[in-house]
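First up is the structure itself, then whatever we jot down about it.
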Amino acid sequence: YMGHFLSVYFFSTMTVVALFFLLLASPAKSGPSEDKSLMTWSQDAAKVSIDVYVTSESGLKYFDFDVGEGKPLKKGKKATVLYKLYLADGDADGKHVYSQATPQEAFRLTVGAGSVIKGFDEALVGMRPGGRRRALLPAAIAYGAGGQPGFGIPGGATLVYYLERPAKKSKEL
């Protein structure tokens, strides 16, 4: 009986020790994801000076954090995008409003078809697969003076979008 007890005790102790060393050898997962397709790049893009942004005639300001490769989007083309939406605080990010930032949440649309606000359509034009863009949309090409109270967007708000076109189609997209 004592032999059986000692062998169970020894086996249990060795199992605990082995699990401990396995945990030590495993990479830590407490920090931000290194998978840039989940839009962790947006934290770095927000630090880019507004002075290097392109400004369109409508007042849209954008910066391509990554240009991507392949054909740029044109009006009338279908696109799959990931995005994060913030209220602007000057040129900085303010309150987070909404996101579709994982492959499972990818947003599909026809660019320029009018299914989204004018500034969102405009911000997508020219993006290439794999492209990552930060765009500031003034109220005139966003939700205007009325805002979008259902989403917590006040009238006259400038919006900040982080847009990403996935580089290639996957089963998830």
When you compare the side chain of [Y] with that of [X], does any pair of heavy atoms fall below 4.5 Å?
X: I50; Y: L136; result: yes
X: I141; Y: E122; result: yes
X: D121; Y: L109; result: yes
X: K75; Y: V125; result: yes
X: R128; Y: D66; result: no
X: V160; Y: L87; result: no
X: T55; Y: L60; result: no

Spacing of [atom1] belonging to [X] relative to [atom2] belonging to [Y], to within rounding of 0.5 Å:
X: D91; Y: K61; atom1: CG; atom2: NZ; value: 5.5 Å
X: E164; Y: K84; atom1: CD; atom2: NZ; value: 9.5 Å
X: F120; Y: S115; atom1: CZ; atom2: OG; value: 9.0 Å
X: L85; Y: Y98; atom1: CG; atom2: OH; value: 10.0 Å

Between [X] and [Y], is any side-chain donor less than 3.5 angstrom from a side-chain acceptor?
X: Y62; Y: R133; value: no
X: E105; Y: S99; value: no
X: Q148; Y: Y143; value: no

Determine the minimum heavy-atom distance between [X] and [Y], stating which atoms define it.
X: A157; Y: A142; answer: O-CB, 4.4 Å
X: A167; Y: P129; answer: O-CB, 3.7 Å
X: P138; Y: S58; answer: CG-O, 4.0 Å
X: A123; Y: A135; answer: CB-CB, 3.9 Å

Connected via hydrophobic side-chain network under 4.5 Å: Y53 and V67: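 No; tracing contacts between hydrophobic side chains, which count when under 4.5 Å, never links both residues.
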Go through the steps to decide whether R134 and D93 satisfy the test salt bridge (Lys or Arg N to Asp or Glu O under 4.0 Å), and finish with yes or no. CA-CA 11 Å; R134 182 176 188 254; D93 299 349; 2.8 Å; yes
T80 and F107: CA distance, side-chain angles, deciding distance, side chain to side chain contact (heavy atoms under 4.5 Å, CB included) verdict: CA-CA 6 Å; T80 299; F107 183 62; over 6 Å; no
Test side chain to side chain contact (heavy atoms under 4.5 Å, CB included) on M127 and L163; report intermediate values, then the result. CA-CA 9 Å; M127 285 190 73; L163 304 164; 3.9 Å; yes
Candidate pair R165 and L73, rule side chain to side chain contact (heavy atoms under 4.5 Å, CB included), full reasoning: CA-CA 10 Å; R165 280 195 66 201; L73 267 179; 3.4 Å; yes
Carefully, step by step, assess Y162 and Y86 under the rule side chain to side chain contact (heavy atoms under 4.5 Å, CB included). CA-CA 9 Å; Y162 291 92; Y86 294 83; 3.7 Å; yes
